[in-house]
Amino acid sequence: MRLILLGPPGAGKGTQASFLTSRLAIPQISTGDMLRAAVKAGTPLGLAAKQVMDAGHLVSDQIIIDLVRERLARPDCAGGYLFDGFPRTIAQADAMKAAQVALDLVLEISVPDADIVERMSGRRVHPASGRTYHVHNHPPRVAGLDDATGEPLVQRDDDREEIVRKRLQVYHAQTRPLVDYYSAWAATGAAGAPRYRAISGVGTVDQIQARVLEAVAA
């Protein structure tokens with residue numbers, strides 16, 4: 001199974017990606033991980049990427065696609081792979097198509113913006129241990145304090161409501177168009193077109209996992 005997960009920040013893509021990669025015994029392909037590994041290994045692509053990043057620029061889509069193709073050629077990808085956070089834009093999706101990167105399924109995890117804001121802005125973290133709470137769904141025994149140590153919980157900057165709303169704006173402007181891109185491509189039935197499925201990301205982890213498995217098996 002070769003697939004892409006789409007969905008807004010906070011939709012639970014990371015949880016479902018871990019579940020799927022374990023269930024299907026396929027690697028999770030992260031462009032960030034690939035970049036760091038290539039730079040550390042000093043490969044030609046890694047050196048090219050490092051030169052761009054050191055100059056304060058964004059790595060080009062072409063370098064990313066070349067890294068993806070290099071990664072997919074490794075033996076652990078023979079049985080499939082799952083893309084984590086890529087593509088993010090139509091240009092990247094076009095580059096993947098032009099490079100003939102094989103895809104079987106594009107799976108969208110759909111969650112309303114209001115649910116994302118409530119889900120993320122309500123998170124609180126114990127910095128020393130990484131224990132996570134939610135002010136409504138999983139509150140600590142004493143408000144604002146870690147259950148085990150009694151130490152103060154914090155709200156991460158990325159979880160502040162104004163930041164969550166800005167991230168959602170970026171998602172809707174840049175990444176949400178991929179839903180239309182892949183659903184339209186799937187509808188053509190063209191050779192090489194992936195299947196497209198959308199599921200609700202609202203509910204318990206088990207409920208969402210069941211929807212994911214149903215979509216994968218369809």
Side-chain angles (χ1 to χ4, degrees), residues 1-43 45-46 49 59 61 63-89 92-111 116 119 130-132 171 175 178-179 181-183 185-187 189-218:
M1 176 63 68
R2 300 163 295 191
L3 69 153
I4 292 172
L5 283 185
L6 292 179
K13 296 188 301 297
T15 299
Q16 299 307 324
S18 296
F19 167 69
L20 275 174
T21 51
S22 174
R23 181 70 173 246
L24 301 175
I26 58 176
Q28 188 168 334
I29 308 298
S30 160
T31 51
D33 289 346
M34 284 190 302
L35 269 173
R36 286 185 288 272
V39 168
K40 184 176 180 180
T43 67
L45 281 173
V59 176
D61 289 342
I63 289 178
I64 295 293
I65 290 295
D66 289 343
L67 278 169
V68 166
R69 295 178 72 178
E70 189 175 81
R71 177 67 183 87
L72 298 187
R74 288 168 53 179
D76 65 333
C77 291
Y81 39 81
L82 182 149
F83 280 104
D84 173 20
F86 185 82
R88 291 185 185 274
T89 64
Q92 290 176 347
D94 278 337
M96 282 183 71
K97 185 188 286 189
Q100 298 184 319
V101 174
L103 292 172
D104 298 311
L105 174 67
V106 176
L107 179 60
E108 179 196 1
I109 301 178
S110 177
V111 181
I116 293 291
R119 186 182 292 183
R131 279 186 289 275
T132 303
Y171 168 76
T175 307
L178 289 170
V179 167
Y181 179 98
Y182 282 114
S183 58
W185 186 19
R195 292 183 293 118
Y196 180 85
R197 296 288 185 275
I199 64 167
S200 170
V202 178
T204 67
V205 171
D206 288 345
Q207 288 171 335
I208 299 165
Q209 283 181 354
R211 293 174 201 146
V212 166
L213 287 176
E214 185 178 354
V216 168

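Hydrogens, waters and symmetry mates are skipped; everything else that's a heavy atom, side chains included, is used.
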Listed by chain and number, what are the side chain to side chain donor-acceptor pair (under 3.5 Å) partners of [X], not counting sequence neighbours?
X	result
R2	D104
R36	D33
Q209	none

Where do [X] and [Y] come nearest, in terms of heavy atoms and distance?
X	Y	answer
L178	A93	CD2-CB, 3.6 Å
V202	R119	CA-NH2, 4.3 Å
I109	A11	CG2-O, 3.6 Å
V39	G46	CG2-O, 3.5 Å
C77	P27	SG-CG, 3.8 Å
V101	L72	CG1-CD1, 3.7 Å

Going from [atom1] on [X] to [atom2] on [Y], what distance comes out if it is rounded to the nearest 0.5 angstrom?
X	Y	atom1	atom2	result
F86	I64	CZ	CD1	6.5 Å
L45	L35	CG	CG	9.5 Å
D94	T89	CG	OG1	8.5 Å
I4	L103	CD1	CG	4.5 Å
L82	M1	CG	CE	10.0 Å
L6	Y196	CG	OH	6.0 Å

Measure up the Y181 and W185 rings against each other and bin them: parallel (under 30°), tilted (30 to 60°), perpendicular (over 60°).
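If you compare the ring of Y181 with that of W185, the planes turn out perpendicular.
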
So for atom CD, which belongs to E214, do other residues, nucleotides or ligands contribute more than 12 heavy atoms lying within a distance under 6.0 Å?
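Atom CD in E214 is not packed in, count stays at 12 or less.
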
Within the supplied structure, the quantity of interest is the number of heavy atoms (other residues, nucleotides, ligands) at a distance under 6.0 Å from R195 CZ; does it exceed 12?
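Buried by this count: over 12 neighbours within 6.0 Å.
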
Does any non-hydrogen side-chain atom of V68 lie less than 4.5 Å from one of F83?
yes

Just do the side-chain contact (heavy atoms from CB on, under 4.5 Å) check on L3 and I26 with the steps written out, would you?
CA-CA 10 Å; L3 69 153; I26 58 176; 3.9 Å; yes

Check whether T132 reaches the backbone of G130 with its side chain - one donor and one acceptor, N or O, closer than 3.5 Å.
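Yes; judged by distance alone, with no hydrogens or angles, the pair exists.
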
Short side-chain to backbone donor-acceptor contact, R211 and S200, under 3.5 Å:
yes

Tell me the side chain to side chain donor-acceptor pair (under 3.5 Å) pairs involving residues 67-77, sequence neighbours left out?
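Those involving residues 67-77 are R71-D76.
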
Residue pairs involving residues 3-26 (criterion side chain to side chain donor-acceptor pair (under 3.5 Å); sequence neighbours excluded):
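Qualifying pairs, neighbours excluded: none.
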
With sequence neighbours excluded, what pairs up with Y182 under the ring-ring contact (aromatic ring centres under 6.0 Å, His included) test?
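Partners of Y182 under the ring-ring contact (aromatic ring centres under 6.0 Å, His included) test: none.
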
